[in-house]
Every structure is written in C-alpha cells, then in structure tokens.
Amino acid sequence: MQFNRLRLKGFKSFVDPTELVVERGMTGIVGPNGCGKSNLVEALRWVMGETSAKRMRGGEMDDVIFAGSQRRPAHNIAEVAVHLDNTDRTAPAQFNDLDELDIVRRIERDKGSTYRVNGRETRARDVQLLFADQATGAGSTALVSQGRIGTIINAKPSDRRTILEEAA
Amino acid sequence: MQFNRLRLKGFKSFVDPTELVVERGMTGIVGPNGCGKSNLVEALRWVMGETSAKRMRGGEMDDVIFAGSQRRPAHNIAEVAVHLDNTDRTAPAQFNDLDELDIVRRIERDKGSTYRVNGRETRARDVQLLFADQATGAGSTALVSQGRIGTIINAKPSDRRTILEEAA
Amino acid sequence: GRERLLAAFEQVNGHFTDLFTRLFGGGQAQLSLTQTDDPLEAGLEIYASPPGKKLQVMSLLSGGEQALTALALLFAVFLVNPAPICVLDEVDAPLDDANVDRFCTLVEELARSGKTRFLVITHHRMTMARMDRLFGVTMSERGVSQLVSVDLQAAEELRESA
Amino acid sequence: GRERLLAAFEQVNGHFTDLFTRLFGGGQAQLSLTQTDDPLEAGLEIYASPPGKKLQVMSLLSGGEQALTALALLFAVFLVNPAPICVLDEVDAPLDDANVDRFCTLVEELARSGKTRFLVITHHRMTMARMDRLFGVTMSERGVSQLVSVDLQAAEELRESA
Ligand SMILES: Nc1ncnc2c1ncn2[C@@H]1O[C@H](COP(=O)(O)OP(=O)(O)OP(=O)(O)O)[C@@H](O)[C@H]1O
Ligand SMILES: Nc1ncnc2c1ncn2[C@@H]1O[C@H](COP(=O)(O)OP(=O)(O)OP(=O)(O)O)[C@@H](O)[C@H]1O
Ligand SMILES: [Mg+2]
Ligand SMILES: [Mg+2]
C-alpha cells in the first residue's frame, strides 16, 4: 500500500483546499517560520486517527479547525483526506476489494469527528487498524515531530521499549 | 563587575588547561557536533555554584571530571576558574576590597568540591551569593542552555513566574 | 516582596511587548499574571499573535515562533535587571534566515547599549558573521577539546570539516 | 509476544550498530534490554561511544550526537518493519554540515532501497539540494498557508524572503 496524496481544507492554517502529492523517494518541504510546514505533518497524523489534542499542539481537538486570520473569519469544519494506492492488495479484508482507498476525516466544531473510507462512514477504530496493519498510523515512530528527536535519547528506558514494539 | 576570563582544566572534554577570554560585545563560539561548546557553558555555570548533576547532564557530579578518551586515562580532579574585574566595587563586602576576583572551584573524585576566592577557601553559599548579587549565577535565565529555548513557552505558568522573579 | 514583583511585572511586560514586535517585525503580545490573591503565587500567562494572525493558544505557535517569543521574554527580563554575562547556546537553531537576522540585530543592540558580555554558540553562518570575535572549539585529538581563536574564514572551514 | 519481541530486538540491535557507525563515520554502539524476567516489561538501554571517545552515560553526549543516535535507532526499527511513509520534521536542525551530509546520504539509501516515501521538512540548504523534489509553504496572505511546488532556486529565495 502506498500513500499518493494528502488533501486538506479548513485544517489549521490550510483554510483553502490544498493538495500535497506524495511521490517515491524524498520530497523536501521548505518555508519560513510559522508558514504551516508542521501543520502538514499533523494533518497526516490526524487523518490516520489521532485521538490526542495535545499531540496536535492544541487544547482541544476543535483547535485543528481554522480559527480565522485578520482578514478571514473562523471556519466550523475541517477536513483531511489521504489517497492510498492498494493495487498490491494489502489492506484489511473489509477494504481490500479496491485499487484505491480514499480515507477522509471531517470534524465539525462542537460535534466531533467522522471518518469515511471511499464514501462509506467507518468507525475510527477500523481506520486506525487499517494503518496499524501497514506499520504506520498516528503513533508511528516514522513520523518524527519537530523537536522530538532530542527527547528520544533522554526518555526513560521503559518508554524507549515502545519504539521496539513497533518493530515486533 | 565584569567577567574577564574563564579557565578550565580536567573539566569534561577540556582535559588540557584552556582559557576563554571574555571581552565586551559579542563573542561567537563555533565548532562541529560533540567538540565541547556546551561543555564551556556548563563550566561557567559550575564555577558559579551549580549543585545539580542533572543540569550538568551527568548522573553524579563526578561526571564533570575528565573520564578519559581512547588515548588518555581518566583524571581525578577538575578545576574551573573565573576571573572578574571588580574596579566598580560592586562585590559583597567580604570580597569588595580588591580590584580583581579570582574564583576557583575544584572537584576531586569521590571527595566533593571546594571553592576559593583569591586563594582563600570559601563556602559554596558565599560564592553563590556573590553571583546572585550581580544578577547572575548558576540558575540565571541569561544562561540559555541548548534546547531550553523551546521549553520556556510550553512550561506551566507557575514555572514561568520564576523567570519574572529574576527581574524583581 | 509583593510590590517589587508587581513593579517588575509591569516593566517586563512593557519591554516584552516592544521586543516581540521587533523580533517578529510586527504583531502583538503581552503578559498577564493569573488571578490569585497573592501575586507571589500567581502564574505568568503569555498572549501572543504573530503579524496578521489571530491571538491563540501558545502551543499552536510554530517551533520558530515559540523560540522567538521565548527570546523576547528572556531579553525583557534581562533589560529590567541586566546580568553581566549572557550565554545563548544554539538558540538560533529553529529560526529561518529572516528571523536569524532580526535576532542578531537585537543582540547587537543589547550588546552596544549595555555592559553585558554575550557568548553566542551557533552553527549559522549569518550569526557567525555578525559576531565581534570568534572562537572555534576543535577535537583534533579525538575526545579532547581545544579552544582556538579564529577569523570568519577559518570558522567557515571549521563548519565544513568536522 | 515474548519471542517476537526478542527476535525484533536482535534485528533492531544489528541494524542500530551498523547505522550508528555510518552516521558517525566510526565509533560503536549497541542496545540492551534491562534485566527483568519478562522481556515485555524490560526497558531499552542504549550504549554509545562516538569515534575516539569512551563509552559513557547517554546524557553526556552533545545535542547533535544525541540527535544522530536517535536517528540511528529510528531507522533501525524502520529497517525491521518498514512504514510506507516517513516524515522527518527538522531533524537536521542540531547537526553540523558534515553530519547533515551523512544524514542525507543515509536517507537517500533508505529511499532508494525500499518503497518508503520520505517527507523531509528542513531549513538547511544542503538538505534541500539533496531532495528529489521540493514543495514550498508560503503565507503570502498572512495567516493562510499555501503549498507551491518549487525548484531549488525558488526554495532558496523562499528561505531568504520570509
Ligand atoms: N486552527 C488554526 N487556525 C489557524 N491557524 C492556525 C491554527 N492552528 C495553528 N495555526 C497557525 O499555524 C502556525 C504554525 O504553523 P507550523 O507550526 O506548521 O509552522 P512551521 O512552518 O512548522 O514553522 P517552523 O519552521 O517555525 O517550525 C501558527 O502561527 C498558527 O498561527
Ligand atoms: N567527563 C567527561 N570526560 C570526557 N568527555 C566528556 C565528559 N563529559 C562530556 N564529555 C564529552 O563531551 C562531548 C559533548 O560535548 P558538548 O555537549 O559540549 O558538544 P557541543 O560542541 O555542544 O556539540 P553540539 O553542537 O552537538 O551541541 C561528548 O561527546 C562527551 O564525550
Ligand atoms: Mg515546524
Ligand atoms: Mg551543544
């Protein structure tokens, strides 16, 4: 299973519809401080089923919804979609009859999140398992957030063990 | 009171006698990863009376003593001295009759530290007060350790208040 | 102690507001003491909005924005009660070039206007070039640190070699 | 669960030892599980010594050395159970030029030898130059992020402008 595209709308500072194409090899992301680079990483983590607002650097999960700028009003809905290529047929059985999977997470202010896979409403649990089966997901060690690299070494040995579990 | 020189011997990776001249304005310190730049900052903090081995990034205070390299044996003594210019006569009374102050901290493996001011043995407490009176010292907010700048903003409001106390 | 803390708070807040707009090239920020009867128990809250952005929770600011805001706070405290020496260990690591430039300009002004001596540890070429003098730390003998005085040219080479 | 964890540990340790010497250009390192009867409760200890240095407590390593050691561990886990996507958010910030070079070389090898797609967020010119393609994030309208595909030349300008 491969990641092909990430689409955002109303998610943090990405208020306008935005698409990041994910291709083979190495894609660099650059830009000045505060322009939204780390927000992109959080969009990816969020659509894969992140449950902690703190890991989204917010106080509550509604903080991922565009809060407005000096010229634009706040929104009430945020949506992130990830488009996967499943031609190698490695998805869990319930999703495995299709070449492409389109997973969308949508949050409405004060109403919580819903997930859809190819248009069909799905439980958060099933989306999380879909990614966990592929050695990825919101908690994957391969998603290294800003500033986290320095804390891994000074973590307690028992915390470091969880890193090992991902390899098992 | 002004800082003029910092002298190290056997302190962490500075096994050979080393002198850093501190002049007016801005002095840049550069060099590759792991060469000893942050060790210099810790030498300054240590001579001013640091009591926590953890803030020296060690398990115990003896970890500041040169532990050896592939070619050199470990040492048993570390010494850091700071040379101050007191021509403006702002030191506490017991030290204030002199133009120059030479403060030395020396540690011997398994025996602890001793302090000397101009050759006379002095209590740690008096050395710490000497620097605190000058709005500096081991805990000064003006000594910003590596990686600490990112943690100030996310600290709890009560921890941030201690920063304010330094201004009072 | 209480009056002193409140007086210090007012002064630090004044400097913080000013330094924030200088470091960010705009925007606004302020401090506030959380409500308790005893200021000696109060916490310090920070409110900041970079230019063109809405006021929000500090944790939503980016890595670089948080570093700049923290520097504004440290220097604000510093201006109220200046220390004789200030050491900054790679505080410019998360900053982009435009912010490194504003950071250096501010440190330069603080160094010129007061008696404080600054030691600035950095890997940034731009920051090195703004210093009055440079020291290189090398480990030509592995495991053993040596301090040498260098010029900008040699410092650049030191960066490349490692 | 217990056998799997022990087997995974052996594999990760093998890769970690190799990746450490590649990232540091020498030295040695290894992992060990702290002694408890039940491996599922054990902690993971790291022992590392950069080239020419003695083995010591991890907290004494420098900022850059800790970052490199952490990367060796992350990539070791990764090699045992490769994720389809890997995102690195400014992990090169504490590194000097020589280590940025070794880091990029390693990421390049991992990207070429497997199917994993890498997203690398960076402010380092050297890292940008090694990428297969670049996206710039701008806020030409303040507070609103926009994504644009850029070439190296444009990326450099983006770094300068801000
Ligand atoms: N819900 C939201 N609505 C609008 N803007 C938001 C929201 N959440 C975060 N932001 C904005 O996103 C910005 C931070 O973005 P981000 O952390 O991605 O920056 P960055 O490009 O990673 O910068 P750096 O290089 O400093 O790490 C903040 O300035 C904040 O204003
Ligand atoms: N007691 C000691 N004896 C010998 N060497 C020591 C001792 N304590 C620390 N070191 C060495 O000092 C090195 C770290 O130095 P330091 O943290 O000052 O590096 P740095 O120049 O700040 O690097 P960076 O740019 O990565 O932050 C470690 O590699 C460690 O081997
Ligand atoms: Mg960021
Ligand atoms: Mg350092």
Side-chain angles (χ1 to χ4, degrees), chain A residues 1-3 12-16 18-41 44-45 68-72 84 134-136 140-154 156-161 163-168, chain D residues 4-5 8-9 11-12 34 42-46 58-59 61 63 66-67 69-71 73-74 77-78 80-91 94 107-108 111 115 117-122 127-128 131-139 141-147 155 158-159 162:
Chain A
M1 196 156 87
Q2 285 304 335
F3 283 68
K12 289 203 165 192
S13 53
F14 290 91
V15 57
D16 294 335
T18 304
E19 179 169 288
L20 171 66
V21 177
V22 181
E23 292 177 68
R24 265 181 200 294
M26 306 181 288
T27 302
I29 297 175
V30 301
N33 290 134
C35 68
K37 301 183 296 293
S38 297
N39 290 345
L40 275 176
V41 180
L44 177 65
R45 215 189 260 286
S69 69
Q70 286 206 335
R71 301 232 237 114
R72 300 205 194 188
L84 307 171
Q134 303 293 324
T136 182
S140 163
T141 46
L143 301 182
V144 185
S145 300
Q146 193 169 356
R148 189 177 115 75
I149 199 80
T151 56
I152 291 170
I153 295 297
N154 285 317
K156 287 200 295 296
S158 54
D159 293 343
R160 281 191 217 132
R161 196 197 55 245
I163 292 178
L164 201 60
E165 278 157 11
E166 191 147 327
Chain D
R4 264 185 45 181
L5 195 76
F9 169 76
Q11 279 183 290
V12 171
T34 47
L44 189 67
E45 278 297 351
I46 304 174
M58 288 301 287
S59 60
L61 288 186
Q66 288 191 351
T69 306
L71 284 168
L73 180 59
L74 282 175
V77 165
F78 189 68
V80 172
N81 192 3
I85 190 164
C86 175
V87 182
L88 303 170
D89 192 348
E90 302 197 25
V91 297
V107 173
E108 230 160 50
K115 291 211 184 78
R117 302 184 180 195
F118 286 84
L119 297 180
V120 181
I121 297 175
T122 182
T127 307
M128 286 182 204
M131 294 295 116
D132 297 324
R133 69 198 69 81
L134 288 171
F135 281 99
V137 184
T138 69
M139 268 195 177
E141 179 189 336
R142 284 199 194 279
V144 172
S145 293
Q146 252 181 319
L147 198 65
L158 205 63
R159 274 185 94 243

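In what follows, chains carry the letters A, B, and so on, assigned in the order in which the sequence lines appear, proteins first and then strands, with residues in each chain numbered from 1. Just so it is clear, the structure is predicted and the values come from calculations on it, not from any experiment.
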Engaged part of D:Leu73 at the chain A interface, taking heavy atoms whose separation is under 4.5 Å: side chain
Pairs of heavy atoms under 4.5 Å with chain D: top-ranked of A:Glu23, A:Gln70, A:Arg71: A:Glu23
Look at A:Gly31, A:Ser140, A:Gly150, A:Gly28 and state which one has the largest set of heavy-atom pairs under 4.5 Å with chain D. A:Gly28
On a heavy-atom basis, the closest approach of D:Asp89 and A:Ser38 is OD2-OG, 2.7 Å
Between A:Gln2 and D:Arg117, does a side-chain hydrogen bond (donor to acceptor under 3.5 Å, both in side chains) hold up when you go through it step by step? CA-CA 8 Å; A:Gln2 285 304 335; D:Arg117 302 184 180 195; 3.0 Å; yes
Is chain A contacted by the side chain of D:Val12, its backbone, both, or neither, given a heavy-atom distance below 4.5 Å? side chain
Examine whether an atom of D:Phe9 lies under 4.5 Å from a heavy atom of chain A, and if so say whether it belongs to the side chain, the backbone or both; otherwise answer neither. both
Let me see the working for D:Leu5 and A:Glu165 under side chain to side chain contact (heavy atoms under 4.5 Å, CB included), right down to the final yes or no. CA-CA 7 Å; D:Leu5 195 76; A:Glu165 278 157 11; 3.8 Å; yes
Quick check on D:Leu74 against chain A: is it the side chain, the backbone, both or neither that has a heavy atom closer than 4.5 Å? side chain
Minimum-distance pair of heavy atoms, taken over all atoms of D:Phe135 and A:Val21: CE1-O, 3.7 Å
More than 12 foreign heavy atoms under 6.0 Å from CZ of D:Arg133: is that the case here? yes
Do you know which two heavy atoms are closest between A:Ala135 and D:Ala83, and how far apart they sit? O-CB, 3.1 Å
Between the CG atom in D:Leu147 and the CG atom in A:Leu40, the distance rounded to the nearest 0.5 Å is 6.0 Å
Out of D:Cys86, D:Ala111, D:Ser59, which one racks up the most heavy-atom pairs below 4.5 Å with chain A? D:Cys86
Top residue by heavy-atom pair count (under 4.5 Å) with chain A, among D:Pro84, D:Ala67, D:Pro82? D:Pro84
Within this structure, what is the OG1-CD1 distance for the pair D:Thr122 and A:Ile29, rounded to the nearest 0.5 Å? 11.0 Å
Is D:Glu90 close to chain A through its backbone or its side chain, or both, or neither, when contacts mean heavy atoms under 4.5 Å? side chain
What part of A:Ile152 gets closer than 4.5 Å to chain D, counting heavy atoms only: side chain, backbone, both or neither? side chain
Which residues pass the salt bridge (charged side-chain N to carboxylate O under 4.0 Å, His left out) test with A:Lys12, sequence neighbours left out? A:Glu42
Quick one: what part of A:Arg72 sits under 4.5 Å from any heavy atom of chain D, side chain, backbone, both or neither? side chain
Chain A heavy atoms under 4.5 Å from D:Gln11: which part of the residue, side chain, backbone, both or neither? neither
Atom CD1 in D:Ile85, atom OG1 in A:Thr136: separation rounded to 0.5 Å? 7.0 Å
Is the shortest heavy-atom distance from the side chain of D:Leu119 to the side chain of A:Leu20 under 4.5 Å? yes
Give a yes or no on whether the backbone of A:Met26 and the side-chain of D:Asp132 come within a donor-acceptor separation of less than 3.5 Å. yes
Side chains of A:Asp16 and D:Gln146: do they bring a donor and an acceptor to under 3.5 Å? no
Relative to chain D, which segment of A:Ser13 carries a heavy atom at a distance below 4.5 Å: side chain, backbone, both, or neither? both
Residue A:Leu84 versus chain D: region with a heavy atom under 4.5 Å: neither
Between CD1 of D:Ile46 and CD1 of A:Ile153, what distance do you get to the nearest 0.5 Å? 4.0 Å
Is it the backbone or the side chain of A:Ser145 that comes under 4.5 Å from a heavy atom of chain D, or both, or neither? backbone
Give a yes or no answer on whether the side chain of A:Ser158 reaches the backbone of D:Gly43 with a donor-acceptor pair at less than 3.5 Å. no
Mind checking what makes side chain to side chain donor-acceptor pair (under 3.5 Å) contact with D:Asn81, not counting sequence neighbours? none
With a 4.5 Å cut-off on heavy-atom pairs, point out which of A:Ala168, A:Gly68, A:Ser69 contacts chain D the most. A:Ala168
